[in-house]
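What follows is one structure encoded as structure tokens, with my remarks underneath.
Only heavy atoms go into these numbers, but all of them, side chains included; no hydrogens, no water, no symmetry mates. All residue numbers in this chain count up from 1 along the given sequence. Note that this is a predicted model, so its numbers are computed, not measured.
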Amino acid sequence: MLSNKRIQELELVMEFEKVEECFKEVSSWIENVGRKRLKETTNLDDSLEVLLQAQKQFKEFDLVASEYCKRGQEALKKKNQWEDFSFVDVHSYRAKLQTYEDQLEEFCTQLDETRHRVCETVRLYEFFDKVRQGICLMEEGVKS
């Protein structure tokens, strides 16, 4: 029984290393690419044309970022299988996973918020553009 338990523990360590490798890749992308791209969308320009271009670029980024979020979340699902193990080393693995999970959750939340903000900003600018066009048409009608 002790031998079987030890084998399970070793398998757990090997599995954790695979999960950690995945998270290191996801974490590196978040830090080196993801956060920088999210910061670029904080100052949206004041013309509809430029804003639509920014929205297009954000959508392309969003596809890639969402895939990294999904990969990280899939890797986190494996965390539950380690709940039954009680040997001391699991605690350090859980702590590392919690750090990765916090980083991933924060980034995915920021991504969702930015997606919503970009969409709402475009809708607002489109509305103002229609109002402006309506006012111009009304002014032309009054002058005629």
Decide yes or no on side chain to side chain contact (heavy atoms under 4.5 Å, CB included) for L97 and F16, but give the supporting numbers first. CA-CA 9 Å; L97 284 176; F16 176 79; 3.6 Å; yes
I'd like to know if R123 pairs up with E120 as an ion pair, taking the criterion as any Lys NZ or Arg NE/NH1/NH2 lying under 4.0 Å from an Asp or Glu carboxylate oxygen. yes
Quick one: does Q103's side chain get under 4.5 Å of E106's, heavy atoms only? no
For a quick test of reading the model, state the closest non-hydrogen atom pair linking R71 to C22 and the distance between them. O-SG, 4.1 Å
Give a yes or no on this: more than 12 heavy atoms of other residues, nucleotides or ligands lie within 6.0 Å of atom CD of Q98. yes
Any heavy-atom pair between the side chains of E126 and L52 that's under 4.5 Å? yes
Heavy-atom closest pair (R115 atom, F58 atom, distance to 0.1 Å) is CA-CE2, 3.5 Å
Are E40 and F61 close enough, and set up right, to give a side chain to side chain contact (heavy atoms under 4.5 Å, CB included), and what steps lead you there? CA-CA 11 Å; E40 290 173 6; F61 162 74; over 6 Å; no
L38 versus T41, closest heavy-atom pair with distance: O-OG1, 2.7 Å
Answer yes if V131 and L48 sit in the same cluster of Ile, Leu, Val, Met, Phe, Trp and Tyr residues linked by side chain heavy atoms under 4.5 Å apart, and no otherwise. no
Salt bridge check: are R37 and E60 linked by an N-O gap of less than 4.0 Å? no
Under a 4.0 Å N-O cut-off, is there an ion pair linking E31 with R35? yes
Could you check K77 against E74 for side chain to side chain contact (heavy atoms under 4.5 Å, CB included), going step by step and ending with a plain yes or no? CA-CA 5 Å; K77 288 181 182 177; E74 286 296 317; 3.1 Å; yes
When rounded to the nearest 0.5 angstrom, what distance separates OG1 in T121 from NE2 in H116? 9.0 Å
Are F128 and I135 in one and the same hydrophobic cluster, where Ile, Leu, Val, Met, Phe, Trp and Tyr link if side-chain heavy atoms are under 4.5 Å apart? yes
Would you find a donor on one side and an acceptor on the other, under 3.5 Å apart, between the side chain of S28 and the backbone of K24? no
Heavy-atom pair with the smallest gap, counting every atom of L104 and Y68: CD1-O, 4.4 Å
Between OG on residue S27 and CD on residue E20, distance to nearest 0.5 Å: 10.5 Å
How about N43: does its CG atom have over 12 heavy atoms from other parts shown lying under 6.0 Å from it? no
If you round to the nearest 0.5 Å, how far is NZ of K56 from CD of Q53? 5.5 Å
Would you say L111 ends up clustered with V33 if hydrophobic residues are merged whenever their side chains have heavy atoms under 4.5 Å apart, either directly or through other cluster members? yes
Within the distance-only criterion (no hydrogens, no angle test), does the side chain of T99 pair as donor or acceptor with the backbone N or O of A95 below 3.5 angstrom? yes
Mind checking whether K96 and F23 have side chains closer than 4.5 Å, heavy atoms only? no
Distance check, rounded to the nearest 0.5 Å: E17 atom CD versus M14 atom CE? 8.0 Å
Smallest separation among heavy atoms of C69 and F107, with atom names: SG-CD2, 3.8 Å
Tell me whether T42 contacts the main-chain N or O of K39 through its side chain, where contact means a donor paired with an acceptor under 3.5 Å. yes
Any residue meeting side chain to side chain donor-acceptor pair (under 3.5 Å) with D129, in chain and number order, not counting sequence neighbours: R132, Q133
How close do A75 and V19 get, heavy atom to heavy atom, and via which atoms? O-CG1, 3.8 Å
Using salt bridge (Lys or Arg N to Asp or Glu O under 4.0 Å) as the criterion, list what pairs up with E49, not counting sequence neighbours. none
